[in-house]
Amino acid sequence: MNNFLQLPIFGIGITILFYLLCGKLGKLRLFFLNPVLLTVVGIILFLKIFNVRFENYNAGGKYLTYFLGPAVVALGAFFYEKYEELRRDLKLFSISVIIGGSCGIVSVVLFLLLLEMPLFLIKSLASKSVTTPIAIEITKTIGGIPDITAGIVIAVGVFGNVIGPIFLRKLGITDKRAIGAALGTAAHGIGTARALQEGKTSGVYSGIAMCLNGIITAFSAPYILYLLL
Amino acid sequence: MSRYKFLNNIRHYIEDLVSLKRLKAFLYILVFLGIGELVRFVFKLPISGNIIGMLFLFIALKQKWINLDKIKPASDKLLEFLVLFFIPYGVGLMVYFDLIRDYWLPISIAIIASTLLTLYVTAIILQKFGK
């Protein structure tokens, strides 16, 4: 049995299986049934219950993560496609995403510093608002632990997805574009899924905000950390 | 009979997944990834190669050096499965449970506060000046 668990097909198979199952559950559109979160939690529970070590799972899992390289490059094509739709207020949009995104990095680093968190956590959480594949790369570059980043980034996404629109409306934000941009900047792809429910405009703004904030954070996070730490 | 149909569906799906057009598009993406890694290596940048590759791809598309049709067959599929590719990292969190267990409260506070701040700052700038 242990020999079978060490084969790559186990890790790959179990990931695809849970991904498909949870995708079906996610169609119910209940906020706590976010497919990404469900898949991750489901696989962790499965491994814990059957006492499988992460190393065995990752013998297959690592083949899947190799594809993050080309997938991040593919985001460039997505960015281009969406970017064409928003020429009209590109300048103001960029400014708001740049300021909002930088605010996110600086504030999380400062809060963690004030709460006297260890350095490895600060480095792993600096990119918490960025889409997971980019956040993983940023964490690798600045010397954090990518696995912690991935877990927290997904959690941030789900939080933004559930709380974001309610929170913004309470504070008097009614503009669809503003809600979209905010969700994309703060809660990446999972926030964008929510923005799409608010309407097509919100969805587009959210998608571009996600890409733009990814790029901005990738370039600024190493320097912001260098200045603050 | 229905089993035969099922297998046929799988065959069609795989044939479509690895069609020549898609493989060519994937090769283009790998070229951009390679350029990104090379630039990172040569200039010793603190940014990962695939993010640099993404920027180059965006610039190349915008400058019309390359047509979106050439990239789209592969980029659409990669993004369709994007979630699948980072799930193993999410699962990897289980190794660090003990390490972060003592910090979960301060982490939650910092992250929630920072996320709400990011949401509000981004939205208010766009709403206030976007008339």
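Protein chains get the first letters and strands the later ones, always in sequence-line order, with residue 1 at the start of each.
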Tell me which of these, A:Ile138, A:Thr174, A:Leu183, has more heavy-atom pairs under 4.5 Å with chain B than the rest. A:Thr174
Salt-bridge test for B:Glu15 and B:Arg22: reply yes if a basic N is under 4.0 Å from a carboxylate O, no otherwise. no
Of the listed A:Phe120, A:Tyr223, A:Phe111, the one with the largest count of heavy-atom pairs under 4.5 Å with chain B is A:Phe111
Side chain, backbone, both or neither of A:Ile154 within contact of chain B (heavy atoms, under 4.5 Å): side chain
Bottom line for A:Tyr19: the part with an atom under 4.5 Å from chain B's heavy atoms is side chain
Measure distances from B:Val91 to the heavy atoms of chain A and classify the residue's part below 4.5 Å as side chain, backbone, both or neither. both
Roughly how far, to the nearest 0.5 Å, is the CG atom of A:Leu75 from the CG atom of B:Leu55? 11.0 Å
Contact part of B:Leu57 toward chain A, heavy-atom cut-off under 4.5 Å: side chain, backbone, both or neither? side chain
For A:Pro222, which atoms come within 4.5 Å of any heavy atom of chain B: side chain, backbone, both, or neither? side chain
For chain A, which residues of residues 100-116 of chain B have at least one non-hydrogen atom nearer than 4.5 Å to it? B:Ile100, B:Tyr103, B:Pro106, B:Ile107, B:Ala110, B:Ile111, B:Ile112, B:Ala113, B:Ser114, B:Thr115, B:Leu116
Within this structure, what is the OG-CG distance for the pair A:Ser107 and A:Leu112, rounded to the nearest 0.5 Å? 9.0 Å
Fit a plane to each ring of A:Tyr66 and A:Tyr63, take the angle between them on a 0 to 90° scale, and name the class: parallel (under 30°), tilted (30 to 60°) or perpendicular (over 60°). perpendicular
Are the side chain of A:Thr139 and the backbone N or O of A:Pro146 linked by a donor-acceptor pair below 3.5 Å? no
Rounded to the nearest 0.5 Å, how far does CZ of B:Phe56 lie from CD of B:Gln63? 12.5 Å
When rounded to the nearest 0.5 angstrom, what is the spacing between OH in A:Tyr205 and CD1 in A:Ile179? 13.0 Å
Under a 4.5 Å heavy-atom cut-off, does chain B meet the side chain of A:Thr141, its backbone, both or neither? side chain
Side chain, backbone, both or neither: which part of A:Phe159 has a non-hydrogen atom closer than 4.5 Å to chain B? side chain
Side chain / backbone / both / neither for B:Ile71 at chain A, heavy atoms under 4.5 Å: side chain
Below 4.5 Å from any heavy atom of chain A, which atoms of B:Leu119 appear? Answer side chain, backbone, both or neither. both
Under 4.5 Å to a heavy atom of chain A? For B:Ile124 that would be both
From the list A:Gly160, A:Ser102, A:Pro133, the residue making the most non-hydrogen contacts under 4.5 Å with chain B is A:Pro133
Interface moiety of A:Phe167 toward chain B, non-hydrogen atoms closer than 4.5 Å: side chain
Chain B contacts, top residue of A:Leu68, A:Leu115, A:Ile145 (heavy-atom pairs, under 4.5 Å): A:Leu68
Would you say B:Phe85 and A:Thr65 make side-chain contact, with heavy atoms under 4.5 Å? no
Spell out, as yes or no, whether a donor-acceptor pair under 3.5 Å connects the side chain of B:Lys62 to the backbone of A:Tyr80. no
Which of the residues A:Gly61, A:Gly69, A:Gly151 is involved in the greatest number of heavy-atom pairs with chain B at under 4.5 angstrom? A:Gly69
Neighbours of chain A found in residues 34-49 of chain B - heavy atoms under 4.5 Å: B:Arg40, B:Pro46, B:Ile47, B:Ser48
Counting only non-hydrogen atoms closer than 4.5 Å, does A:Ile136 touch chain B with its backbone (N, CA, C, O), its side chain (CB onward), both, or neither? side chain
What part of B:Tyr96 gets within 4.5 angstrom of chain A, counting heavy atoms only: side chain, backbone, both, or neither? side chain
Part of A:Phe18 lying under 4.5 Å from any heavy atom of chain B: neither
Tell me if a side-chain donor or acceptor on B:Gln127 pairs with a main-chain N or O of A:Asp175 at a distance below 3.5 Å. yes
Could you tell me which portion of B:Leu79 (side chain, backbone, both or neither) has an atom closer than 4.5 angstrom to a non-hydrogen atom of chain A? side chain
Output yes when a side-chain donor or acceptor of A:Asn213 lies under 3.5 Å from a complementary backbone atom of A:Thr185, and no otherwise. yes
Any side-chain heavy-atom pair of B:Ser75 and A:Phe78 under 4.5 Å: no
Taking it one step at a time, do A:Phe219 and A:Ile215 satisfy side-chain contact (heavy atoms from CB on, under 4.5 Å)? CA-CA 6 Å; A:Phe219 281 87; A:Ile215 298 167; 3.8 Å; yes
Need one label for B:Leu68: side chain, backbone, both or neither, based on atoms under 4.5 Å from any heavy atom in chain A. side chain
Which distance, rounded to the nearest 0.5 Å, do you find between the OG1 of A:Thr149 and the CD of A:Glu137? 11.0 Å
To the nearest 0.5 Å, what is the distance between CZ (A:Arg177) and CG (B:Leu126)? 6.0 Å
Under a 4.5 Å cut-off applied to non-hydrogen side-chain atoms, are A:Asp147 and B:Val95 in contact? no
Heavy atoms only: give me the nearest A:Ala195-A:Ser206 pair and the separation to one decimal. CB-CB, 3.5 Å
What one should report as the nearest heavy-atom pair of A:Asn161 and A:Arg194 is O-NH1, 2.8 Å
Can you tell which part of B:Lys72 gets under 4.5 Å to a heavy atom of chain A, answering side chain, backbone, both or neither? side chain
Look only at the side chain of A:His188 and the backbone of A:Val153, and say whether a donor-acceptor pair between them is shorter than 3.5 Å. yes
